[in-house]
**Student:** 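First the structure, which I've put down as structure tokens, then a few questions once you've had a look.
Both backbone and side-chain heavy atoms feed into the values below; hydrogens, waters and symmetry mates do not. Since the model is a prediction, treat every value here as computed from it, not as a measurement. In what follows, every chain begins at residue 1, and chains take the letters A, B, ... in the order their sequences are listed.
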There are 2 protein chains.
Amino acid sequence: MQVQTLPTPPKFDGSALAVCRGLDRRAAGHVMAISSLRRKAAGETLFSEGDDADCIYEVVSGTLRLYKMLADGRRQMMGFPAAGHLLGLAPAGTHVYTAEALTDVTLCCYPRASFHRLVNDVPGLARRMWAVTSDELRFAQDQLLLLGRKSASEKLASFLLMLADQQDTDHLSLPMTRTDIADYLGLTIETVSRTVTKLKREKLIALPQVNAMDILDRDALEAMAAGESAEHF
Amino acid sequence: MQVQTLPTPPKFDGSALAVCRGLDRRAAGHVMAISSLRRKAAGETLFSEGDDADCIYEVVSGTLRLYKMLADGRRQMMGFPAAGHLLGLAPAGTHVYTAEALTDVTLCCYPRASFHRLVNDVPGLARRMWAVTSDELRFAQDQLLLLGRKSASEKLASFLLMLADQQDTDHLSLPMTRTDIADYLGLTIETVSRTVTKLKREKLIALPQVNAMDILDRDALEAMAAGESAEHF
DNA sequence: CGACCGTTTGAGATCCTTCAATACCAGTGG
DNA sequence: CCACTGGTATTGAAGGATCTCAAACGGTCG
């Protein structure tokens, strides 16, 4: 375990990592043995779409943005993973999206080659990876419904509720820009801005700062996110 | 070369199933032991969103449609799995989409409880499930880009190329209706129809029948699908 | 043939985008 | 202290891609 002597997590307890959840102490130790920590400053690129996937990453602290791009530059955000999320969940191949640091981040890095040896040796690890990947898939499928069939208001409501769930509070901080949000929801920055204003006017949310929002009427937001209305607001 | 002329596989060779790919003969035998075949006629429902996921399914023959719905009935297609595809790729929980038979289908059914015992016992099986789920995830992420950022023409081009890939020919058969296609691409039936007409007019495709299309200019379709144009056609 | 169902085509409406101007905010330097 | 600057967010007006509503078309099947 080469995890000692780090400025921020004063003591880094590897066994608390998400990959290891559900594994016993001994197995978790094996996983930790191949891991190393890595830091990126806000704005830096962790890897790009098409890069050889040499590592599986786990976010330890901070927030990333993941996106894919079309030939002419149109961008689709895939997510904003924060602490506990895993990246590059494929047994092999190349990265299918670009990962950039949204804030300063700390990551735990598992080299793919060693990781695969472990997957064969450590009982329960492959099963764990299946579970984690399956959760990601479920999430992506919810996002398909959002992008394909929800209106701008419904998209934003869904997004804010997702953030609330992730941050475990109704006082949200938004580390990403409006452009990032727009590219996540399949909208333009102006539509996001207008929709935020509308939700604010309707007293469903409040904006203490530009990059912070409070959820005022969770029930209404949830109804909206679920598409419970013929008039899509 | 699909030259055999088999109406349906007269003898069912389980070891050819997708779950088993990469497993040795003995391991594949264990998996086959818990499986059972199941048939559904076109239009029947295999399971519904929210149902308890008691089985993992593999499509043996025919095509399904998978979809999620919003409260007011708006529908988003998740895919049209055909032979070789797996369904219900989560270690536990409930189904997150509805699965209906588009054509008559044969499925191989692995009861979840027994399957999980196997996952712990058969080396390589959990790893295989991870790989399969990870492929699904990758596919879903491509679809996110499509739904969030592509124009109607680009969506249709992408869809046709995906079918060509799946069917391994440029002479496509379309077992699904225009409504199904619309719900897959996040469009309306009328827009799908108009876009098909446009691609036909531009000689990128031909329509020998309503439910069949020929790809005439694959390069142009691929450029279109990749978003290689400022004017989105 | 005629009814039925899915598809195509047309005309008008709408949500979202585009283009453009304005506002806000933090940092910098006069 | 305040003007200036650059970056991001908001607001406005006009346009456009897609949707909605409606009619016509075209195969299939009794």
**Student:** Under a 4.0 Å threshold between the charged nitrogen and the carboxylate oxygen, would B:E190 count as salt-bridged to B:R194?
**Tutor:** no
**Student:** Which part of the nucleic acid does B:Q209 contact within heavy-atom distance under 4.0 Å: base, sugar-phosphate only, or nothing?
**Tutor:** nothing
**Student:** Using 4.0 Å as the upper bound for N to carboxylate O, is an ion pair formed by A:R218 and A:D170?
**Tutor:** yes
**Student:** Do the charged groups of A:D183 and A:R74 touch, with an N to O distance under 4.0 Å?
**Tutor:** no
**Student:** Side chain of A:T197: nearest nucleotide among C:dT9, D:dT10, C:dC16?
**Tutor:** D:dT10
**Student:** Could you tell me how far apart B:K150 (NZ) and D:dA17 (P) are, to the nearest whole angstrom?
**Tutor:** 19 Å
**Student:** Whole angstroms only, please: what is the NZ-C1' distance between B:K155 and D:dA17?
**Tutor:** 11 Å
**Student:** Under a 4.0 Å N-O cut-off, is there an ion pair linking B:D142 with A:K68?
**Tutor:** yes
**Student:** A:T191 has a side chain; which of C:dT18, D:dT18, C:dC16 sits nearest to it?
**Tutor:** C:dC16
**Student:** If I take atom CG in residue A:N211 and atom C1' in nucleotide D:dT10, what distance separates them, rounded to the nearest angstrom?
**Tutor:** 14 Å
**Student:** Can you measure B:L185 atom CG to D:dA17 atom P for me and round it to whole angstrom units?
**Tutor:** 18 Å
**Student:** Could you check whether A:T177 gets within reach of a base, just the sugar-phosphate, or nothing at all, counting any heavy atom under 4.0 Å?
**Tutor:** sugar-phosphate
**Student:** Measure CG/B:D183 against P/C:dG6 and give the value in whole Å, please.
**Tutor:** 14 Å
**Student:** Of all the choices, D:dA9, D:dC21, C:dC19, which nucleotide is nearest to the side chain of B:E190 once you look at every atom?
**Tutor:** D:dC21
**Student:** For the pair made of NZ in B:K198 and C1' in D:dA17, what is the distance, rounded to whole Å?
**Tutor:** 11 Å
**Student:** Output the single nucleotide from C:dA11, D:dA13, D:dT18 whose closest atom is nearest the side chain of A:R194.
**Tutor:** D:dA13
**Student:** Students often mix this up, so state it plainly: with edges at 30° and 60°, are the rings of A:H95 and A:F47 parallel, tilted or perpendicular?
**Tutor:** parallel
**Student:** Taking donor-acceptor contacts at under 3.5 Å, does the side chain of B:R178 reach the base of C:dT9?
**Tutor:** no
**Student:** Where the side chain of B:T179 is concerned, which of C:dC16, D:dA9, C:dT7 is the nearest nucleotide?
**Tutor:** C:dT7
**Student:** Starting at CG of A:L207 and ending at P of C:dA23, how long is that distance when rounded to a whole Å?
**Tutor:** 19 Å
**Student:** Nearest heavy atom decides the nucleotide; on that basis, is A:L187 or B:I189 closer to the 5' end of DNA chain C?
**Tutor:** B:I189
**Student:** What is the distance from CG of B:L156 to P of C:dT8, rounded to the nearest Å?
**Tutor:** 11 Å
**Student:** Give the nucleotide from the list D:dT11, D:dT20, C:dT7 with an atom nearest to the side chain of B:T188.
**Tutor:** D:dT20
